[in-house]
There are 2 protein chains.
Amino acid sequence: MTTLVEQLLNTEAHKSIFESAVRQNLLPVCAAFGSSDQPQPVSFRSTDRVLSTKDSAGVRAQFPQSVAASGNVVLTSAGPSSAAVHGKRVAVLFSGGPAAGGHNVVCGLKRVLGAGNTLFGVTAGPKGLLKGTLFEITDAHVDFILNTGGFDFLGSDRTKIKSDEQFAQVRETCVKHNLDAIVVVGGDDSNTNAAVLAESLFSGVKADGSGVQVIGVPKTIDGDLQIGDLLAISFGFDTATRIYSEMVGNILQDTSSSLKYWHFVKLMGRSASHVALEVALQTKPAMTLISEEVAAKKMSLASIIDGIAQVIVERSHKGMNYGVLLAPEGLIEFIPEMNAMIAELNDVLAHHVTEVAALADDAKPAFIGSKLSADNASLLASLPDYIVNMLLAERDSHGNLQVSLIPTEQLLIDMAKQRVKELDAAVPFAAHKHFLGYEGRCGAPTLFDAAYTYNLGLTAGSLILDGRTGYMATITGLTSGGTPQAIPLAGLLNIERRHGQDEFVIEKALVRMDSPAMQYFVSRRDDWASNDLFASPGPRQFWGPTTHQQPISVALNSGADSLMFQIG
Amino acid sequence: MTTLVEQLLNTEAHKSIFESAVRQNLLPVCAAFGSSDQPQPVSFRSTDRVLSTKDSAGVRAQFPQSVAASGNVVLTSAGPSSAAVHGKRVAVLFSGGPAAGGHNVVCGLKRVLGAGNTLFGVTAGPKGLLKGTLFEITDAHVDFILNTGGFDFLGSDRTKIKSDEQFAQVRETCVKHNLDAIVVVGGDDSNTNAAVLAESLFSGVKADGSGVQVIGVPKTIDGDLQIGDLLAISFGFDTATRIYSEMVGNILQDTSSSLKYWHFVKLMGRSASHVALEVALQTKPAMTLISEEVAAKKMSLASIIDGIAQVIVERSHKGMNYGVLLAPEGLIEFIPEMNAMIAELNDVLAHHVTEVAALADDAKPAFIGSKLSADNASLLASLPDYIVNMLLAERDSHGNLQVSLIPTEQLLIDMAKQRVKELDAAVPFAAHKHFLGYEGRCGAPTLFDAAYTYNLGLTAGSLILDGRTGYMATITGLTSGGTPQAIPLAGLLNIERRHGQDEFVIEKALVRMDSPAMQYFVSRRDDWASNDLFASPGPRQFWGPTTHQQPISVALNSGADSLMFQIG
């Protein structure tokens, strides 16, 4: 065995040269937490911000204990905690799709809870809370997971805790492990779930009548969990968009090197287009579609395609037979006519199950087309076969189309090709397609996400030690040192009627047309379409001069005067 | 206009924060070139290495001037050049697919040629040499392109200079621009072309009877241009594999976070599997297919699928319903039975053009199956429809199947799913597919590629100033400071009979089963399949403690005692 082979064996199991180095990176903390080496918990005081939604009255009726306790008032750091709290038993879990920085939330929690309290990890997400599969997290664990990507230290899943039986299981887990608090790291749905859990576990859980505190931590790479200046962005968004931006920047560089290809890139983010907008701001490609704009302007598929084809033709006439187009994953559902057609299709398919099943595949489109309104039938007929087949064939268990399976990028390529041919048959158009999604969820967190999540963990732990429940931890002032704050979850809830039942939801933050980020994008995009003005943002760096960037859309929307964040 | 908007405008057109920072990075140079700030040209002397191939006699007959001049002897640096050469006019071009570091070759050339000589860039590849579209490269250009990715400074294409007319056009360009030398940055084909050009332009090009020197520089992300210890690796391979390795590492991290998906990743590299092997060594996934091993062991498609399904089932039985499989782009052609079937298919299709064209699409498989030998017919029948359609439908202009269009990753997923069901119907198997290719060609070069290419440029320029022609620039001793050397191109050539004509080729270096890199992989892969031992190599870094890595396969194959390179 040579030295080199020994070195290689030592890189197995999360010990690449990079991982071993990045774990040593010290993280800055908000001044409120004291020193970076030994962060101390803070206590909290009320601000004069009271949150409300259109459904606040209804929510108050359903969350009486939480709302009575919090008054829906935002909390802010009140300086070092005076009382040393000992003996708390806290469980942390990841919920939903992974996002970079989750491990640092755990690290922050463990550090701030200190040796006097116990932190447990819940394995494999909410399901683990039901099953009661917990293990104690040690300092050695923290040293090993610090600054590493993914949720693999605990695992995750998408179980939604809804039924009485599930709530009983959670209570059983709380009793069995004698828990005092649960930290839920998740997106809008998971934080809604945290609010419901907080109310359900508010009191009377354990033999002495005490309850279990529940604190949420805002995660999602989609960036659709934003609450004005209280929550500039969820964690994971920066890392994901930086990873996608490097790939898109590399591809842009490739287009102007090879001089012969278009690349159509679909970007993860099922509802909002924050990811596509951020990647556009980072890389300045020829074209970027924003779902919210398509909906706001009631654009038809044909008009979108025509817009794409026009740019392809104009660039070609200037000698540029190449370019990059970015499209958000959820685009199709935001095109009003597609949405309407899909809704009618769902109805027709549901009402003619046996007739459709009896038909040969190639006979289905005509049959179903004959049942649709004229507009929808003609729209369906205009689509390529593979899209029609998918629209007719695939339904999920609720009878809904699985939109995420639609190869939007291929659809746009094929329809643009046709339209380009109509506009100018001499224009060459060769295109490759990409879907960037899973690559971005579990990378090592950028320094922004790493520092942000570590401080979110410190904040969540402080809230627990301060006896709070039903809050989401947040850090405000990300360009001015950072301040630990807490958002009352019940104050965020709206009520939606789904499947004949009232459901609570935290509204997804979509891209606003009047936001500074969108307006800046709109002001520049024509120039980006006509000229090669792209930039290659490169791979995210952990050492050196370029480490302290924050997302451009966040900087613009928060009125920052710099692209750099400042925590501590 | 706010300050932030001004800052954003300043990042357009290749001026991202990263690009602006990385261009300032100083590059190390081999001791032979003197100081890093002001590198000086070296002269060359013969070594005792004489290159030969099985076709050396035939090549000598076709390349009389080149072989007479070089004797097929490898050259090495003989210390600082004593005579200051002035007035040389040199053109540089990129040929074929882009690779990271091409810009630094240009920078090295410009720096070593100095103010006394003139460097021209040929736009858009070999085609630009035919058209004579050249422009003078300035010091300002060099400052702007240093350490940036892509070939976009010049552009590239795949034109092969073969016909008498094309050679005449090249001569015309040489005369028109009064060129003394041409540097061809390209892969095996382009360096073969450089050898042919060197012979063709050896003398009698210009009015005074003088010739034009031609020097090749070894580029290709595929890594199949390797010449033992003389050329450990082509440039671009390190950057591409590091980019792919980050993505695969992120995906691995995602699999053990989400706990429910397999990801099948196809990796660029049409012939050799060097890329797949290197990414496997970097990330240690559950499974990696190596085309050369499939060919060497004469594996059938069914046996490959069975091997994959076995691992999926075994991991599932251990609770791991997830994993990552890497497959090289060219896999299908290396499966002997597939290769044989495709060859017979090509024949059958060529002989029944009109009959096949007259058939409906769904009638074609049966008709063509009836014309095939029994084995091939049964193999064809075993494949999914979309593969059969592609095998029957798509032929390039030479009547050959376009193998790169076959969705190998989808084929493997679908066939593995079927086989898993046969082995154990209770095993869940949900898979996503990826193709990593274009993302990796044009990223900013790793420090390895950046330093390597800068020194290749210094070497190529030195060879020109030293009056040499028909050589490929190389740097040996990449872990011991680096030594500029030159490989006589004619000494690498073999003769292949293609389309009834003798063609010269530099043999592609495939993965050897007995190479240390392959043997190390084989020694570890069972463990990687049974256990989660993966590593996330993270994004390549340009500052800090992890910058000096070299490819693991290169380190193993060159007997290095460290994963770090050392130039200068």
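Protein chains get the first letters and strands the later ones, always in sequence-line order, with residue 1 at the start of each.
Of all the listed residues (Gly559(A), Pro545(A), Gly150(A)), the one sharing the greatest number of non-hydrogen pairs under 4.5 Å with chain B is Pro545(A). In terms of heavy-atom pairs under 4.5 angstrom with chain B, the leader among Ser16(A), Gly440(A), Gly538(A) is Ser16(A). By number of non-hydrogen pairs under 4.5 angstrom with chain B, the leading residue of Pro516(A), Gly97(A), Cys442(A) is Cys442(A). Of the listed residues (Ala444(B), Gly125(B), Gly102(B), Gly149(B)), the one with the most heavy-atom contacts under 4.5 Å to chain A is Gly149(B). Of all the listed residues (Lys284(B), Gln541(B), Glu439(B), His14(B)), the one sharing the greatest number of non-hydrogen pairs under 4.5 Å with chain A is Gln541(B). For the set Ala21(A), Ala100(A), Gly443(A), the count of heavy-atom pairs under 4.5 angstrom toward chain B peaks at Gly443(A). Among Ser20(A), Gly249(A), Ser156(A), the residue making the largest number of heavy-atom pairs under 4.5 Å with chain B is Ser156(A). The residue among Leu281(B), Asp532(B), Leu533(B) with the most heavy atom pairs within less than 4.5 Å of chain A is Leu533(B). Chain A forms the most heavy-atom pairs under 4.5 Å with one residue out of Lys15(B), His434(B), Arg158(B), and that residue is His434(B).
The side-chain tip of Lys266(B) points at the ring of Phe435(B) from less than 6.0 angstrom away and within 45° of straight on.
Of the inter-residue distances, the one linking Leu8(A) atom CG with Tyr520(B) atom OH reads 4.5 Å to the nearest 0.5 angstrom. Rounding to the nearest 0.5 Å places CZ of Phe18(B) at 12.5 Å from CZ of Arg540(A).
For a residue to count as touching a neighbouring chain, one of its non-hydrogen atoms must lie under 4.5 Å from one of that chain's; by this rule Gln24(B) does not touch chain A. For a residue to count as touching a neighbouring chain, one of its non-hydrogen atoms must lie under 4.5 Å from one of that chain's; by this rule Gln282(A) does not touch chain B. Using a 4.5 Å cut-off between heavy atoms, Ile243(A) touches chain B through its side chain atoms alone. Within the 4.5 angstrom heavy-atom criterion, atoms from both the backbone and the side chain of Tyr438(A) approach chain B. With a 4.5 Å cut-off on non-hydrogen atoms, Ala124(A) touches chain B through its backbone and its side chain both.
In this structure, a donor-acceptor pair under 3.5 Å is absent between the side chains of Asn10(A) and Glu6(A). Side-chain atoms of Asn147(B) and His103(B) form no donor-acceptor pair, as typed in the model, at a separation below 3.5 Å.
Screening Leu9(A), Thr3(A), Thr11(A) against Gln7(A) for a side chain to side chain contact (heavy atoms under 4.5 Å, CB included) leaves a single residue, Thr3(A).
Of residues 254-262 of chain A, those residues lying under 4.5 Å from chain B by any heavy-atom pair are Asp254(A), Ser256(A), Ser257(A), Ser258(A), Leu259(A), Lys260(A), Tyr261(A).
When all heavy atoms of Pro98(A) and Ile221(A) are compared, the closest pair comes out as O-CG2, 4.0 Å. Residues Met320(B) and Ser530(B) come closest through the heavy atom pair CE-O, 3.2 Å.
Panel note: side chain Glu19(B), backbone Ala535(A); no donor-acceptor pair is recorded below 3.5 Å. Looking at Thr148(A), its side chain does come within 3.5 Å of a backbone N or O of Ile145(A) through a donor-acceptor pair.
Between Phe151(A) and Phe94(A), the ring planes lie parallel to each other; the angle is under 30°, not in the 30° to 60° tilted range.
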Show the atom names and distances, to 0.1 Å, of all donor-acceptor pairs under 3.5 Å that link a side chain in residues 549-556 of chain A to residues at least two apart or in another chain.
from	atom 1	to	atom 2	distance (Å)
Gln549(A)	NE2	Thr546(A)	O	2.9
Gln550(A)	NE2	Ser562(A)	O	3.3
Ser553(A)	OG	Glu278(A)	OE1	2.6

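No more than 12 heavy atoms of other residues, nucleotides or ligands sit less than 6.0 Å from atom CG of Asp561(A).
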